[in-house]
Structure formats: C-alpha cells, structure tokens
Asker: 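So that we are looking at the same thing, I have put the structure below in structure tokens.
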Amino acid sequence: KKEPKEELVDVDDLEVGDRVSVYWNDENKDWFDGEVKSIKKGKVVIAYDDDTEEPIDPEVHTKIKRLAE
C-alpha cells in the first residue's frame, strides 16, 4: 500500500463529507482511508472504510491527506 499523492491538509481545513487518508503514527504506522463524518466543537470524527469511527487525535494521527473524489 503506497502513500497517497495528495497534499497534506490541516485538521481545521476539513469539512464533513471529505474523503481523507489519515496516517496513524502508532503501532500501525500506516495510512487509513475514510470520510469526515462529523465536526463538533473542533473534534473531527472519521468514518473509516473498515467500518470503524475515530476522532482525530493529533498525537496519533499526525498527517491527513484529502483524497480525490
């Protein structure tokens, strides 16, 4: 699985419905694709393609790329 080619985006630039790839800088050390499900009080929740949902944690999710539609 290779890295997406798109530019990195700041979490503040995301909008609900954006397709994104998020880098997990933890034991996974890999990119995971999903969609921005909600943004409430600055907390961005990603609905990942593997049917999990996680809020963005800047400590773990160190890079975000917006994917082409």
Side-chain angles (χ1 to χ4, degrees):
K1 186 171 169 181
K2 53 188 211 295
E3 271 192 31
K5 300 251 187 304
E6 288 77 13
E7 295 294 305
L8 292 177
V9 293
D10 194 78
V11 69
D12 297 332
D13 295 332
L14 295 174
E15 296 178 5
V16 172
D18 283 350
R19 287 285 303 161
V20 293
S21 190
V22 179
Y23 186 77
W24 288 54
N25 190 21
D26 59 6
E27 66 276 359
N28 292 302
K29 296 269 191 274
D30 202 0
W31 292 90
F32 294 90
D33 295 348
E35 185 173 304
V36 178
K37 180 170 187 207
S38 66
I39 301 172
K40 293 188 182 101
K41 297 183 184 153
K43 181 176 275 209
V44 177
V45 175
I46 307 295
Y48 290 98
D49 293 350
D50 64 359
D51 293 329
T52 60
E53 287 183 16
E54 292 281 335
I56 292 288
D57 176 352
E59 299 294 311
V60 176
H61 310 120
T62 54
K63 294 183 265 191
I64 305 168
K65 293 183 181 183
R66 188 177 282 123
L67 300 175
E69 289 302 313

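Scope of the values below: all heavy atoms of this structure, side chains included, with no hydrogens, waters or symmetry mates.
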Asker: Roughly how far, to the nearest 0.5 Å, is CG of Asp26 from CD of Glu59?
Answerer: 12.0 Å

Asker: Rounded to the nearest 0.5 Å, what separates atom CG in Asp18 from atom CD1 in Ile64?
Answerer: 10.5 Å

Asker: Not counting sequence neighbours, which residues clear salt bridge (Lys or Arg N to Asp or Glu O under 4.0 Å) with Glu35? List them please.
Answerer: none

Asker: Sequence neighbours excluded and cut-off under 3.5 Å, please list the side-chain donor-acceptor pairs for residues 41-50, or say none.
Answerer:
| from | atom 1 | to | atom 2 | distance (Å) |
| --- | --- | --- | --- | --- |
| Tyr48 | OH | Trp24 | NE1 | 3.4 |
| Asp49 | OD1 | Arg19 | NH1 | 3.0 |
| Asp49 | OD2 | Arg19 | NH2 | 3.0 |
| Asp50 | OD1 | Thr52 | N | 3.2 |
| Asp50 | OD1 | Thr52 | OG1 | 2.6 |

Asker: Just verifying a value: how many Å separate Asp30 CG and Tyr23 OH, rounded to the nearest 0.5 Å?
Answerer: 7.5 Å

Asker: Kindly give the heavy-atom pair with the smallest separation between Val9 and Leu14, and that separation in Å.
Answerer: CG2-CD2, 3.7 Å

Asker: Can you measure from CG (Asp33) to CG (Leu67) and round to the nearest 0.5 angstrom?
Answerer: 5.0 Å

Asker: Answer yes or no: are there more than 12 heavy-atom neighbours, outside Lys40 itself, under 6.0 Å from its atom NZ?
Answerer: no

Asker: Please give me the minimum heavy-atom distance between Ile56 and Pro58, naming the atom from each residue.
Answerer: O-CD, 3.8 Å

Asker: Would you say that more than 12 heavy atoms from the other residues, nucleotides or ligands in this model lie under 6.0 Å from the CG of Asp10, or not?
Answerer: yes

Asker: List for me each residue that meets side chain to side chain donor-acceptor pair (under 3.5 Å) alongside Asp13, sequence neighbours excluded, and say none if there are none.
Answerer: none

Asker: If you round to the nearest 0.5 Å, how far is CH2 of Trp31 from NZ of Lys65?
Answerer: 4.0 Å

